[in-house]
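Read through the structure below, which is laid out as structure tokens, and then see the notes.
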Amino acid sequence: MVDFSDLKEVERWLEGLPPRERVAFAARSALRGLPGLGRADAATLRDIALPLLRATLTSGVAAVGPTPEVSSAARSAARSAARSAASAALSAHSAARSAARSAARSAASAAHSAARSAARSAARSAAHSAAHSAADSAAARDAEAVQRNEGMVAGFAEPLWWDAPIPDGLAEGLEALRMFWSAEPKLWGFWQRWYDGMLNGAPMAWALQKKVALIPDDVWDAGPEAVSREIERIEAEHVAQGLPLAERVSFDGATQRFRVDPIEVRRASLLSAVLGQIDDALGDVLAEQSNGLHDGSREIGVLRRTLDRYGNDPQRIEMSCTDVHGALVRQIATEELPPSEANLALQRACGEGARAIRGTHPEIAENRRILSERGLGEMPDEARAALSKAGELLEEITEGTLQLDFREDIAELTGASWSLGPPGLGGGGGSRIPTAYPEQVRTFNRIAQIVLLLRKSPELIHKVHDGAGHKLVRLGMGAGFLVAALTAVVQFAAGLF
């Protein structure tokens, strides 16, 4: 085991590490020291927080996915953090001067890949000697992970302090830092979510972190407001691209409502044949109660809606067929449903239909490839509350299929427990494996598309609000509230994958 009280031994050990492990070690050290920022006075904290957060995030991205553009971003972040370290040294409060300066140097060192300096500065960012010892102990656990050939990149999946509590000196700083963040959640909410994930060993998606790390220098230099606007755009783009649909959400100037249009149907005869086969198989299943499916089953509801409404929407048909096919396979395998001839025929019809559409529409096939790799975490209560609030808005600013889908999908998402899957899957639905469910994909993708449209064209915000003005005013929802409510849903969605 490396003796972290012996700096020469630590230096020798670090020099023998592969570059990525060295960068990751520095990043985790900086993350542990970051709460030292909370010891700074309010004015100093506002001046130095953004550059230091940027440098620490970028150093983690550089460890997980080193590329030339990320390395360039890390150098820029390091220079900015170094300037902030000098600023922190001028802090009027003595405790703040020591802790904030050390945290700043730690962030700058991490971005520069100077692992030993980052570890030393992080340890010094605490106010109590006990915290120094705890930081050394956590660093030693990091070293053990490397020596077990697990690699420090995998180490980000471990809590920063492993199985020990955060030491008192840093806990006080973190509480102060969280109060600073929560005072202006629009500006700092992303950073609180990001740090909590790193602290608990549940990092925010690295693809999302990389996009934040690559925000251009001029945006960072413009300050927290400009950066927060860009992060909101990035999160919406992350959701829209990560949960793809072959359709387009647009704003209809005549009705002043948002609408959705599916991709062009390339082979109408194919869709007709797929739906006809499913309709026949559905009738056979419902003809006998012994098959275990009935009009109240979720699978039957999904297929009925598809048959009745979406005959010209290949993306919707593929999603419904894939969803029901997977549910039937699992329920028959676990004996929740009997392997009757009718059930197996419906299972085959859904599977063959989904494959036929993917074979005809390459973009839908690519979407399925992405979604098959996508698992979404459980929606917390606050996410359901945000989605429910957004539902009131979406009811007023959308039309047609888009409005109807939002109404039904949000009702299911907010009224069900999603830790195991939506209700109504045969007996109870608990047999579904974690995945990206159609209701989630549709809802999050479409809200993200709307947010991107609103961000791209600020005047559109007022058109949307004026179009639904009477109802929104009665609900006390101004134009700013409209964007904020939808953005809140996107932020939760971005954190799920």
Side-chain angles (χ1 to χ4, degrees), residues 207 233 235-252 257-278 302-327 349-376 394 398-410 412-413 435-454 456 486 489-490 493-494 496-497:
R233 186 197 65 77
E235 288 183 310
E237 185 180 77
H238 174 74
V239 173
Q241 293 178 350
L243 300 175
L245 292 174
E247 62 181 30
R248 185 172 69 91
V249 173
S250 60
F251 183 72
D252 188 327
R257 298 288 189 276
F258 288 99
R259 56 179 293 169
V260 64
D261 296 303
I263 64 169
E264 180 182 355
V265 176
R266 293 178 183 166
R267 288 182 58 186
S269 59
L270 172 65
L271 294 189
S272 178
V274 166
L275 295 177
Q277 188 176 13
I278 291 174
V302 168
L303 293 178
R304 284 291 187 212
R305 286 194 295 274
T306 301
L307 291 168
D308 293 343
R309 303 179 194 165
Y310 305 107
N312 66 339
D313 187 342
Q315 175 73 88
R316 180 63 176 251
I317 296 171
E318 189 276 341
M319 293 184 76
S320 296
C321 286
T322 301
D323 181 36
V324 173
H325 175 264
C350 289
E352 291 170 359
R355 286 191 294 272
I357 293 171
R358 291 195 292 270
T360 308
H361 295 81
E363 57 269 66
I364 293 179
E366 175 62 11
N367 291 348
R368 176 52 54 193
R369 184 193 66 77
I370 295 172
L371 294 176
S372 67
E373 301 170 354
R374 182 76 66 222
L376 295 186
L394 293 166
T398 58
E399 63 181 6
T401 299
L402 184 59
Q403 182 188 63
L404 190 58
D405 284 349
F406 271 137
R407 185 184 304 157
E408 294 176 345
D409 289 343
I410 291 176
E412 180 150 358
L413 286 168
T435 186
Y437 301 110
E439 296 87 350
Q440 291 172 309
V441 175
R442 283 193 296 270
T443 299
F444 295 148
N445 174 286
R446 291 166 171 179
I447 292 177
Q449 286 196 63
I450 291 174
V451 169
L452 287 171
L453 287 171
L454 294 174
K456 184 177 180 179
L486 299 181
V489 175
V490 170
L496 293 177
F497 67 96

Any chance you could lay out the side chain to side chain contact (heavy atoms under 4.5 Å, CB included) test for Arg316 and Thr401, step after step, and finish with the verdict? CA-CA 11 Å; Arg316 180 63 176 251; Thr401 299; 5.5 Å; no
Salt-bridge criterion met for Arg305 and Glu408 (N-O under 4.0 Å):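 Result for this pair is yes, salt bridge flagged.
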Between Arg442 and Asp409, does at least one N-O distance fall below 4.0 Å, as a salt bridge requires?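 A salt bridge is present here (some side-chain N lies under 4.0 Å from a carboxylate O).
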Give me the atom names and distance for the closest heavy-atom approach of [X] to [Y].
X: Asn367; Y: Pro244; answer: OD1-CB, 3.3 Å
X: Ala354; Y: Cys321; answer: CB-CB, 3.9 Å
X: Leu371; Y: Gly242; answer: CD2-O, 4.2 Å

Taking the side chain as every heavy atom from C-beta outward, state whether [X] and [Y] have any pair of such atoms under 4.5 Å apart.
X: Thr398; Y: Asp405; result: no
X: Gln315; Y: Pro262; result: no
X: Ile410; Y: Glu439; result: no
X: Leu243; Y: Phe497; result: yes
X: Leu245; Y: Val441; result: yes
X: Leu413; Y: Tyr437; result: no
X: Phe406; Y: Arg446; result: yes
X: Leu496; Y: Phe444; result: yes

Output, in order, the C-alpha distance, side-chain angles, deciding distance and verdict of side chain to side chain contact (heavy atoms under 4.5 Å, CB included) for Leu404 and Arg309. CA-CA 11 Å; Leu404 190 58; Arg309 303 179 194 165; 3.3 Å; yes
Of all residues at least two apart in sequence or in a different chain, which pass the side-chain contact (heavy atoms from CB on, under 4.5 Å) check with Ser250?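 Result, side-chain contact (heavy atoms from CB on, under 4.5 Å) vs Ser250: Arg248, Arg259, Asp261.
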Determine all donor-acceptor pairs shorter than 3.5 Å in which one atom belongs to a side chain in residues 264-271; sequence neighbours excluded.
residue: Arg266; atom: NH1; partner: Glu363; partner atom: OE1; Å: 3.3
residue: Arg266; atom: NH2; partner: Glu363; partner atom: OE1; Å: 3.3
residue: Arg266; atom: NH2; partner: Glu363; partner atom: OE2; Å: 2.9

Identified side chain to side chain contact (heavy atoms under 4.5 Å, CB included) counterpart of Cys350 within the set Arg355, Gln277, His325: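 Of the listed options, the one satisfying the test is His325.
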Step by step, work out the side chain to side chain contact (heavy atoms under 4.5 Å, CB included) result for Asn445 and Gln449. CA-CA 6 Å; Asn445 174 286; Gln449 286 196 63; 2.7 Å; yes
Restricting to side-chain hydrogen bond (donor to acceptor under 3.5 Å, both in side chains), what partner residues turn up for Glu318, sequence neighbours left out?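 Per chain and number, Glu318 pairs via side-chain hydrogen bond (donor to acceptor under 3.5 Å, both in side chains) with Thr322, Arg358, Arg368.
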Given Leu454 and Leu486, is the side chain to side chain contact (heavy atoms under 4.5 Å, CB included) satisfied, shown in steps? CA-CA 10 Å; Leu454 294 174; Leu486 299 181; 4.2 Å; yes
Under 3.5 Å donor-acceptor, Ser372 side chain and Arg369 backbone: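 Side chain of Ser372 to backbone of Arg369, a donor-acceptor pair under 3.5 Å: yes, one is there.
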